[in-house]
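See below for the structure under consideration.
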Amino acid sequence: MEGRLREIFWDKLSSTQELSEREKVFENIVLQEPKNKSFGDLSTNASMVLASYLKSDPLSIAETLKDKIFSLWEEIEDIAVEKPGFINFRLKDSFIKEKLKEVAIQKERYGFNQTGNGVKVHLEYVSSNPTGDLHIGHGRWGALGDTLANIYNANGYEVFREYYVNDYGTQIEKFADCVKSLYLSHFGIKMPYPSDGYPEETVSKVAGEIYQKYGDRFILRKDTKSPEVDVEGLGRKAVEIMLSNIKETLSLMGVTYDNWFYESSLYEGDRFERVVDELKQRGVVYEKDGAVWFKTSNFGDEKDRVVIRSEGNPTYFASDILYLMNKIARGFDLLIYILGADHHGYVKRLQAVAKSLGIDVKRLVIIIGQLVRIVKSGNVVKMSRRKGKTYTLKDLLKEVGKDPVRYFFCTASFDTPMDFDVDLAKQKSAKNPVYYVQYAHARIESVIEKAKSVIPENISTGPDIERLLRESNKDSSSWFVDLIENLSLDRVDFSRIQFKNSSERDLAKTVIFYPDVIYGSCRNNSPYQLVQYLYRLASEFHFFYNHYRILRNNRINIDRFILALLVRVVLRNALKILNLSAPERM
RNA sequence: GCGCUUGUAGCUCAGUUGGAUAGAGCAACGGACUUCUAAUCCGUGGGUCGGGGGUUCGAAUCCCUCCAAGCGCGCCA
């Protein structure tokens, strides 16, 4: 769908209108499916947009466009002008069939496009501190980030997924102190636990594990009164353990990364000093009250931010700057950040840094996701990190399972604050939309399984298939297996496929709209659009399946059978992008 | 106090950047298995788009204002 129709559309439109501000006007013109099916397959608001520009009547413009332009459009069977000025199109069946053949040819690549043109995308998501368990919100960023990466990849971008590990700075030192306190307790040494420390439940697990595995290795001098401990080594080990825990949880979700980037690596050697020098040369930092400040307020931020504290150590913001520069230096064209709403304060200062360094702000795509609340038995579960008992992402994954968790997190847009109803997601029943979608796939598999047992001569169809069977060097049954296994439809004349009713045609149309969805969900950074499409496709298939037989009386309706095979292709491709399983049996 | 985000059916969410009668799913009610899997399908009911102004041919969408919720406003990370 995507390319051809749109190109023709713009071509024809622009060739007849001599518009000086063409682009501006055209931005608002859309070619899309009408809300109401009865209006046809596609619709455009072109005449209404042009009306305001040309200061003319939309209806008469619509008539002109219709007669002079779209009548020459060979893919269109029928054009109609409706009330306010919409121009509605009905696609020729032959066009739909032509597009269906592309599904069969492209198979698992169907839906992919090259609009990204190899642009290098850096995608950072989750990046939770290794000082605690992942909570539910991280699951949302994990599912959305991973899916978005797949979507960008499907659009021809070169995607690099990275997790930023905060293993540097005061936060980690504090964490190490907590671990030290509980670690020593295993040796009967009592130390006061830091009053503002991390939850003891988490820390004690880590301390216990270190004690189990390494015994007293981190105690340099055993002296009950003032023991000397390798706090740095202890901290590193603790981070390692926490991180492996995080990795384990993410892998339960199928969330993976190309690289785990350590904040501490930003400070290796004299890297930091060199960057500070560069910033000074550029004149974007200055000293005040013994600290080094960044002139973020010159570039849209509310105020300036401290980069180096008066004590001489860098702030967290310093790492942000280093990391941003590091990403650019590694050659990434587009930097996508997925951040929780509690981090929205970063947006302006990150953009300010980019501007001050002469980096086009458009290269930063900062997605702010709203937070997730957990609802159990109708009540909101409070998520306090301080209090020991929290409902973690791992708990959720163990309770609900990978597929529903990913699916649910991807149904809502980033902007929507969502309630995750655990009780609902837990139900492995008809209520669960993920099963609904997967069931559509399982049903197709089931039909195929059944069809294999049908004698190929009983394929009820036109002469095309018969010809294929005759011409085939292989015996007829192997040809049929080839059709099923490899979707070898290249010799089938698709123009012979018949739509005997509107639901078959609708289903075919939904299949050929898939590439548009892949494109749109990328452009809008909206994985949920893919999820909604998937649900719609499944729904239309279920309707089709319930109303029309593919197999009857030991005979195969080959038109419907092929359609089902093509639906299977799209279901699989979409499920793969969402990293959900496509079960053969349920 | 300032800033960001959100407010659409009983519930969970869409609404393609200003367009057609505001849509899905779940829940509720009523139907459909001698059938390729009923984890399915069909039908019905359900709305002052948080409230009020404004902009224009036309507003859930843009502007103003008020209300409500979440989050952020450190030489914390």
Side-chain angles (χ1 to χ4, degrees), chain A residues 27-28 30 32-36 38-39 43 45 48-49 51-52 57-58 82-86 88 129 131 166 168-172 174 263 288-293 302-303 305-311 313-317 319 340-348 368-371 373 375 378 408 411-421 424 427-436 438-440 442-451 454 516 520 523-524 526 528-529 532 535-536 538-539 541-553 556-557 560-561 564 585-586:
Chain A
E27 260 179 21
N28 298 323
V30 292
Q32 60 192 193
E33 284 191 273
K35 284 180 183 174
N36 192 327
S38 64
F39 287 124
S43 177
N45 62 348
M48 290 180 289
V49 174
S52 59
D57 174 37
E82 293 291 340
K83 234 177 15 190
F86 286 100
N88 298 323
N129 287 358
T131 53
N166 301 104
Y168 187 84
T170 53
Q171 191 87 344
I172 288 299
K174 191 197 280 181
E263 182 185 4
K288 193 183 94 180
D289 305 332
V292 176
W293 298 69
E302 295 143 11
K303 52 181 164 185
R305 310 282 173 182
V306 173
V307 181
I308 306 175
R309 282 181 272 258
S310 48
E311 294 89 65
N313 52 333
T315 60
Y316 184 81
F317 177 54
S319 297
D342 52 339
H343 289 73
H344 72 250
Y346 291 6
V347 177
K348 280 188 178 165
I368 299 299
Q370 296 301 308
L371 302 176
R373 293 195 308 177
V375 176
F408 271 79
T411 48
S413 98
F414 283 103
D415 285 337
T416 307
M418 75 180 278
D419 285 351
F420 197 110
D421 188 335
L424 190 79
Q427 292 182 35
K428 299 202 169 180
S429 71
K431 316 287 177 292
N432 211 329
V434 67
Y435 293 114
Y436 179 88
Q438 290 174 324
Y439 185 50
R443 269 187 154 169
I444 296 173
E445 290 291 341
S446 176
V447 171
I448 290 168
E449 204 50 42
K450 207 89 175 180
V454 174
D516 284 344
R523 198 190 50 188
N524 302 322
S526 300
Y528 76 85
Q529 289 178 354
Q532 290 195 340
Y535 193 91
R536 173 184 158 184
S539 176
F541 176 77
H542 283 311
F543 179 92
F544 163 75
Y545 178 94
N546 265 275
H547 287 79
Y548 307 101
R549 305 285 306 178
I550 298 166
L551 312 177
R552 187 190 291 282
N553 302 330
I556 300 173
N557 181 317
R560 290 174 184 164
F561 188 72
R585 208 175 281 273
M586 287 175 78

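Below, read A as the first sequence line, B as the second, and so on, with proteins coming before strands; counting in each chain starts at 1.
- Of the candidates B:C71, B:U6, B:C75, B:U6 carries the atom nearest the A:Pro417 side chain, counting heavy atoms from C-beta on.
- Interatomic distance, CD of A:Gln370 versus CG of A:Asp415, reported as 6.5 Å (0.5 Å rounding).
- For B:G23, the OP1/OP2 oxygens have no side-chain nitrogen or oxygen of A:Lys35 closer than 4.0 Å.
- A:Arg443 has a side-chain polar atom (N or O) that falls below the 4.0 Å cut-off from OP1 or OP2 of B:A38.
- A:Thr170 has a side-chain polar atom (N or O) that falls below the 4.0 Å cut-off from OP1 or OP2 of B:A77.
- The side chain of A:Gln32 approaches B:U16 more closely than any other nucleotide in the set B:U16, B:U40, B:G72.
- Using a distance-only test at 3.5 Å, with no hydrogens or angles considered, a donor-acceptor pair links the side chain of A:His344 to the main chain of A:Ala341.
- Ring stacking is absent between A:Tyr436 and B:A39, as the pair misses the limits of under 5.5 Å between centres and under 30 degrees between planes.
- Nucleotides B:U61 and B:A77, compared at atom C1', are 38 Å apart to the nearest Å.
- In this structure, of B:U40, B:A20, B:A14, it is B:A14 that holds the atom nearest to the side chain of A:Tyr528.
- B:G52 and B:G15 have their P atoms separated by 24 Å, given to the nearest Å.
- For A:Val306, the listed nucleotide lying nearest its side chain is B:C75; candidates were B:A77, B:C75, B:C13.
- Nearest heavy atom pair, residue A:Val447 against residue A:Leu551, reads O-CD1, 3.8 Å.
- Taking the C1' atom of each, B:A32 and B:C71 are spaced 49 Å apart, rounded to whole Å.
- When rounded to the nearest whole Å, the span between CZ of A:Arg305 and P of B:C76 equals 13 Å.
- If you check B:U16, B:C41, B:G25 against the side chain of A:Arg523, the one that comes closest is B:U16.
- Here the separation of B:G70 from B:C33, taken at their C1' atoms, is 48 Å to the nearest Å.
- The side chain of A:Arg309 contributes an N or O atom lying less than 4.0 Å from OP1 or OP2 of B:C76.
- Within the 4.0 Å cut-off from OP1 or OP2 of B:A14, at least one side-chain nitrogen or oxygen of A:Ser413 is found.
- Projected onto RNA chain B by closest heavy-atom contact, A:Asp419 and A:His547 fall at different nucleotides, the more 5' of which corresponds to A:Asp419.
- To the nearest whole angstrom, the two P atoms, one in B:U40 and one in B:G3, are 48 Å apart.
- The phosphate of B:G74 has OP1 or OP2 within less than 4.0 Å of a side-chain N or O from A:Lys303.
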Practice item. Under 3.5 Å for both distances, Watson-Crick or G-U wobble, that's the pair rule; now give the dot-bracket for RNA chain B, with | marking pairs to another strand and [ ] for crossing ones. Key: (((((((..((((.....[...)))).(((((.......))))).....(((((..]....))))))))))))....

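- When the side-chain nitrogen and oxygen atoms of A:Tyr346 are compared with OP1 and OP2 of B:G3, none of them lie within a distance under 4.0 Å.
- The separation of B:C66 from B:C29, taken at their C1' atoms, amounts to 40 Å, rounded to a whole angstrom.
- Of the listed nucleotides (B:A14, B:C41, B:G72), B:C41 has the atom at the smallest distance from the side chain of A:Ser539.
- Counted by atom type alone, A:Ser38 and A:Asn36 present one or more donor-acceptor pairs between their side chains at under 3.5 Å.
- Mapping A:Ile550 and A:Gly290 onto RNA chain B via the closest heavy atom, the residue that lands nearer the 5' end is A:Ile550.
- Comparing the C1' positions of B:U55 and B:U12 gives a spacing of 34 Å, expressed to the nearest Å.
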